[in-house]
Amino acid sequence: MNAETEAVVVETRDRPDGVRVVTLNNPPVNAISSAMRRQLRDTMLEIDADDSVKGVVLTGAGRAFIAGADIREFGKPNPPGAPSLTAGVHAVEDCNKTVVAAVNGAAAGGGLEVALGCHYRVAGPKARLGLPEVNLGTIPGATGTQRLPRLTGLKPALDMIVSGDLVSAARALELGIVEAIEDDPVEAAAAIALARAPKKLREDDSKIGEIPDGFFDDYKKGMARRWRGFEARFKAVDAVAKIVLPYDEAVEAERAVFRECQGTPEARAMRHVFFSDRQAARHPSIPKDTPAGTVEKAAVLGCGTMGGGIAMNFANAGIPVTVLETSEEALERGLGIIRDNYSGTVSRGRLSQEAMDRRMALITGASDYADLADADIVIEAVFETMDIKKQVFGTLDDVCKDGAVLATNTSTLDVDEIAAATSRPEAVVGTHFFSPANVMRLIEIVRGAKTSDETAQTAMKLAPKIGKVGVMCGVCDGFVGNRMLYQYSRQANFLIEEGALPQDVDRVMFEFGLPMGPFAMGDLAGVDVGYLVRQERIKKFGRTNKRESTVADKIYHLGRYGQKTRKGWYDYEPGSRTPKPNAEVTALIEKASADLGIERRAISDDEILERCLYPLVNEGAKLLTEGIAARPLDIDLIWIYGYGFPRYRGGPMHWADEIGPAHILERLEHYARTSDPDWLEPAPLLREVAGQGTTFREWADAR
Ligand code: 3H9
């Protein structure tokens, strides 16, 4: 589109007092397109030359100030043309009239950079400001790394740039980013524009002062653990460190890194997650205009670790919640655990005592089902057996009001069978929370065969309200996450029979970016719990005649139950969660190999990685074919939010697309021949996309 035909996204209005109001208007969130960059620069040049203009206010139309550069333009073969956003920022700053930003809503990334180009800033009450570029695997690329520190000082600017978080208007005021918070920021900004002279931030080094030796290296050391693998965050610190150079040189260096970051696997993965986060909420199985029921009152059945954690999510969101237990003792114990959890957060300074009291006051104990009659949603988190669940749902059917959502937190049982115990299966849905439920972000929202659109929509819309990411899937054994996990754990166990040790497998998976490997995870979750789950499976499905590892059962029979007994796959010192390899476990594994007639061999890190993760991807492909997961992005989010799959790799299916499905197919076929013919049969969908030379994403987009 040329300049004559392009849409007007920068509008101007002259006030009687001589202030020109420049409004950026590119719905829904005023992302900066190339048209906006050009029109902004031209508008500023025009204002410069117009003596009738006494001052300028820059603001955004609608709910945002500016959401930053248009992310959809990132990573495209032809990067957007001139003028650059940096030129736009400088055109604003160089204006000979005072320019004041009226930050009405989100000023993110390039949006904050434009605001920092203005001579002053006023926030509206709903303003949120920040440089979230690292969340897209890149760094601020239009002077942000050089300007924000000049306004706030180095440390607060680094904290904002590295976290990528947007801060509230109140915090921005504390940090000196804005002059004031006003209900009508345009009016307040106009007054400043008339009263004050222009002031160029790029010429002001007063907040930087003397930088101690090693300051930036120390800062990076401090972030090493939390941000392991997020390379852009470290590059952002290096870019800020260029502040010792002349401004123009530092900005040039920043721009070069910004450009270089656009094409990294990290940036592709982080952009994928950004858009997936938003797409997941719009599930193809729910018609667009389906209304969601309101949830003003919730109830949770069962106040054990899971039920208590679930109840806390409602209280945290300000929603009153009734928790039901069968006995007074169980109720008191459960409420006590919730209280202890909150107290821990208060003592770490992350919650005020008043906020804790407010939240506790929203949680009411009950021991009579009748107390659940007015709940808009009831989430059952009782013992994981079908008979008990059916009984519970039968009773809920009798007591709950019409229109209530009846949710089960089962992780293994058939939601359809549970729904059949009621006269309203359309109101039943699975809400599979991950443990600890007050911390982990994921809810697998399991849509049964008869779950209505309204019920599904209510559950999906509720998730973000209680601070969760809801991802919808269909009914099958293990749903999406645990069904894939099963393949991963199975291969990990075969690998130790063939020659690796738990610490080898765990190291490779940790280095890949998972929070811990499968054996350390087994110790955390409980070796005994894993054993019980396997026994339940045998009861349900019978014994398989395919190869199964028995090492985990042997560890269980030694009484090594994991962290809780301070010995499992590893040993643990009192009070420590650091796994220490144990000679008895090594001997047991070596004996298991000998008993199976397996000659132990050296197993490479590559084989460990491929054997653990390619079968997981393979299972993901089966879930897509079966329609249990509607899109690869749903699987990716389940693994990122439920299992700590590294976000900077975009989730297992995105990661598979990056590697290339054809390569994964070739390796699976290789391992099926050499180690495990029973379990490594490639999924038909993997064969299909590999054969066509495409990706899972392209397959999904074409449907
Ligand atoms: C950058 O600025 C680089 C510069 O330093 C240098 C440049 C040279 N682009 O989140 P919502 C879409 S990097 C394109 O639901 P909210 C979003 O996908 C950029 N699209 O709204 C969604 O579309 P759909 C740094 C964008 O009110 C719709 O807008 N900026 C962009 O809950 C509504 O979004 C960021 O990283 C964009 N920049 O929250 C900020 N932003 O309806 C990213 C949003 O089709 N954005 N969309 O799904 C956000 O964090 C939030 O959108 C925001 C508003 C807080 C602004």
Side-chain angles (χ1 to χ4, degrees), residues 9 24-38 40-41 60-76 79-90 103-117 124 126-148 157 160-161 163-169 172 232-233 235-236 239-240 251-262 266-267 270-283 288 461 464-465 469 631 633 637 647:
V9 288
L24 306 166
N25 187 2
N26 187 22
V29 287
N30 306 325
I32 306 168
S33 56
S34 38
M36 188 186 282
R37 289 197 307 274
R38 192 168 26 254
L40 177 64
R41 194 242 355 234
R63 67 183 195 264
F65 175 69
I66 309 173
D70 190 333
I71 302 165
R72 288 163 307 186
E73 288 185 356
F74 285 13
K76 291 273 158 67
S84 69
L85 185 58
T86 304
V89 170
H90 287 151
V103 184
N104 51 305
L112 180 56
E113 289 171 316
V114 169
L116 296 177
K126 290 194 177 148
R128 284 182 296 153
L129 305 93
L131 294 172
E133 286 86 345
V134 292
N135 292 332
L136 299 165
T138 184
I139 72 161
T143 76
T145 64
Q146 301 306 305
R147 285 175 178 274
L148 189 60
M160 277 180 70
I161 292 169
S163 71
D165 291 341
L166 304 189
V167 299
S168 65
R233 292 182 146 87
K235 290 182 190 162
V240 173
V251 163
E252 197 52 47
E254 174 202 75
R255 177 103 190 124
V257 179
F258 170 77
R259 279 217 192 94
E260 173 198 307
C261 282
Q262 298 305 302
E266 177 186 356
M270 299 288 272
R271 287 198 295 268
H272 164 69
V273 180
F274 176 87
F275 288 115
S276 299
D277 271 339
R278 284 154 181 83
Q279 269 171 276
R282 296 189 287 261
H283 196 266
K288 237 204 225 139
K461 295 278 184 215
K465 286 197 187 118
V469 176
R631 302 158 294 187
L633 69 91
L637 294 185
R647 195 180 178 90

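Whatever order the structure lists ligands and atoms in, that order sets their numbers, starting from 1.
For the pair R63 and ligand 1, the shortest N or O to N or O distance falls below 3.5 Å. At under 3.5 Å, not a single nitrogen or oxygen of A106, backbone or side chain, sits near a nitrogen or oxygen of ligand 1. Annotation: P28 places no N or O atom under 3.5 Å from an N or O atom of ligand 1; distance criterion only.
Contacts with ligand 1 closer than 4.0 Å are made by heavy atoms of both the backbone and the side chain of A69. For R255, every heavy-atom contact with ligand 1 shorter than 4.0 Å involves the side chain, none the backbone. Residue contacts with ligand 1, taken as heavy atom pairs separated by less than 4.0 Å, involve V29 solely via side-chain atoms from C-beta onward.
Applying the 4.0 Å criterion to heavy atoms of L136 picks out, from ligand 1, the atoms 13 (S), 19 (C), 36 (O). Ligand-side atoms of ligand 1 in range of P140: 5 (O), range being under 4.0 angstrom from any heavy atom. Ligand 1 places these atoms under 4.0 Å from at least one heavy atom of F258: 3 (C), 6 (C), 7 (C), 8 (C). For ligand 1, the atoms closer than 4.0 angstrom to any heavy atom of E133 are 1 (C), 2 (O), 3 (C), 4 (C), 5 (O), 13 (S).
Across A67, S33, G109, P27, heavy-atom proximity to atom 40 (C) of ligand 1 is greatest for A67. Evaluated by nearest non-hydrogen atom to atom 11 (P) of ligand 1, the leading choice among R282, Q279, R278, R128 is R278.
Ionic pairing of R37 and D70 is not present here: no N-O contact between side-chain nitrogen and carboxylate oxygen is shorter than 4.0 angstrom.
At a cut-off of 3.5 Å, with distance as the only test, no side-chain donor of E133 or T138 sits close to an acceptor on the other residue. A donor and an acceptor atom, one from each side chain of N135 and R233, are located under 3.5 Å apart.
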